[in-house]
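Worksheet for the structure shown next.
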Amino acid sequence: MAEGAGKPRILKGRHLLGVAELSIDEITALLDLAEEYASLARRRDRKLNTLRGHTHINLFFEPSTRTQSSFELAGKRLGADVMNMSVKTSSVTKGETLLDTAQTLNAMRPDLLVIRHQHSGAAELLAQKMSCAVINAGDGWHEHPTQALLDALTIRRHRGKLENVTVTICGDIRHSRVARSNILLLTRMGARVRIVGPGPLLPPNAERLGVEVYHRMEPALEGADVVMMLRLQKERMDGAYIPSEREYYRFWGLNEERLKLAKENAIVMHPGPMNRGLEIDSSIADGPRSVIREQVEMGVAVRMAVLDALARNLETEAAA
Ligand code: CP
């Protein structure tokens, strides 16, 4: 992987707040760069100096295993100084606001700030108030752009393209920022996207998203290239959206019989964390068609590509 100045600009914007702001060319360039980083990650000499001298802060107000650890690894593999801010032991617990916390961190002159927050729009707010590049690692029900990018990379590696690939997204679509970002990205790249789930867990006016809406799993899975299961997000439900977990599994869970309806070489995805035995059977999650662990691997590569792309813009700004 070539290092040094003069690398081509990949992203037009200063921040990565959502897929909605990305063009087809930007998405393709990010995926191509991530593919290079994915190859690099399998080598022993995988540490680079691309972000040497850059300070990268992870600020997570919601729990995370995959996103936070992969951003940390991505920053470290690129040579950045990475700080994981522990929100639980910070002055947030004494009532300090999001903005005061952000402005305090801003005074330490970071270059890149990765934020996850329970409120939609939190990343955008910080982008307006901070002088560094801001990356949205999930804001409320709104967007989770790096998850959609890593999902797209995983699909592209298995299908060779995104155009005309049929992707069925199943389950709790309404509360899912992963579904929202995936729908935006996959439809923009020419994939055919189907969504399916219980009526109360589908977004209002779902047809306007450019997807096909199904109300039963069987027709939604018929001939699919990709089956993307979503976690039932109990923490975002303020009422009874499903009669019972047993019934949810019966009608909406992915089992071997249902998976037979998809293409023989269909892949099964899940952003994690999984509710095994609720939205997906363990035999499928750990089975030969599951690419769930590959998604995690691609997460590091995609986050390296995003950090690199935004750092290039900072360098261009500094040189101007
Ligand atoms: N997919 C995802 O965002 O996982 P984490 O919540 O573990 O980061």
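Ligands are counted one by one from 1 in listed order, and the atoms in each one are counted from 1 as well. Sequence positions, counted from 1, serve as the residue numbers for this chain.
Within ligand 1, counting atoms from 1 as listed, the ones closer than 4.0 Å to a heavy atom of Gln147 are 1 (N), 2 (C). Close contacts between ligand 1 and Thr65 involve ligand atoms 5 (P), 7 (O), 8 (O) [criterion: under 4.0 Å to a heavy atom]. The atoms of ligand 1 that sit less than 4.0 Å from any heavy atom of Thr67 are 2 (C), 3 (O), 4 (O), 5 (P), 8 (O).
The distance criterion of under 3.5 Å between nitrogen or oxygen atoms is not met by Pro273 with respect to ligand 1.
For Arg188, there are no salt bridge (Lys or Arg N to Asp or Glu O under 4.0 Å) partners at least two apart in sequence or on another chain.
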Residue pair Val291, Arg157: steps toward the side chain to side chain contact (heavy atoms under 4.5 Å, CB included) verdict: CA-CA 11 Å; Val291 295; Arg157 284 162 67 91; over 6 Å; no
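Considering Gly138, Pro63, Ser64 only, the shortest heavy-atom separation from atom 8 (O) of ligand 1 involves Ser64. Here atom 3 (O) of ligand 1 lies nearest to Arg116 when heavy atoms of Gln68, Arg116, Arg66 are compared.
Within the 3.5 Å criterion, the main-chain N or O of Arg312 finds a donor-acceptor partner in the side chain of Thr316.
Ion pairing between a basic and an acidic side chain is recognised when a charged N comes within 4.0 Å of a carboxylate O; Lys76 and Glu72 show such pairing. The pair Asp286-Arg276 meets the salt-bridge criterion, with a side-chain N (NZ, NE, NH1 or NH2) lying under 4.0 Å from an Asp/Glu carboxylate O.
Within the structure, ligand 1 lacks Glu62 among the residues with a heavy atom less than 4.0 angstrom away. Ligand 1 has at least one atom lying under 4.0 Å from a heavy atom of Gly272.
Put simply, the residue from Asp139, Thr67, Asn136 that forms a side-chain hydrogen bond (donor to acceptor under 3.5 Å, both in side chains) with Arg116 is Thr67.
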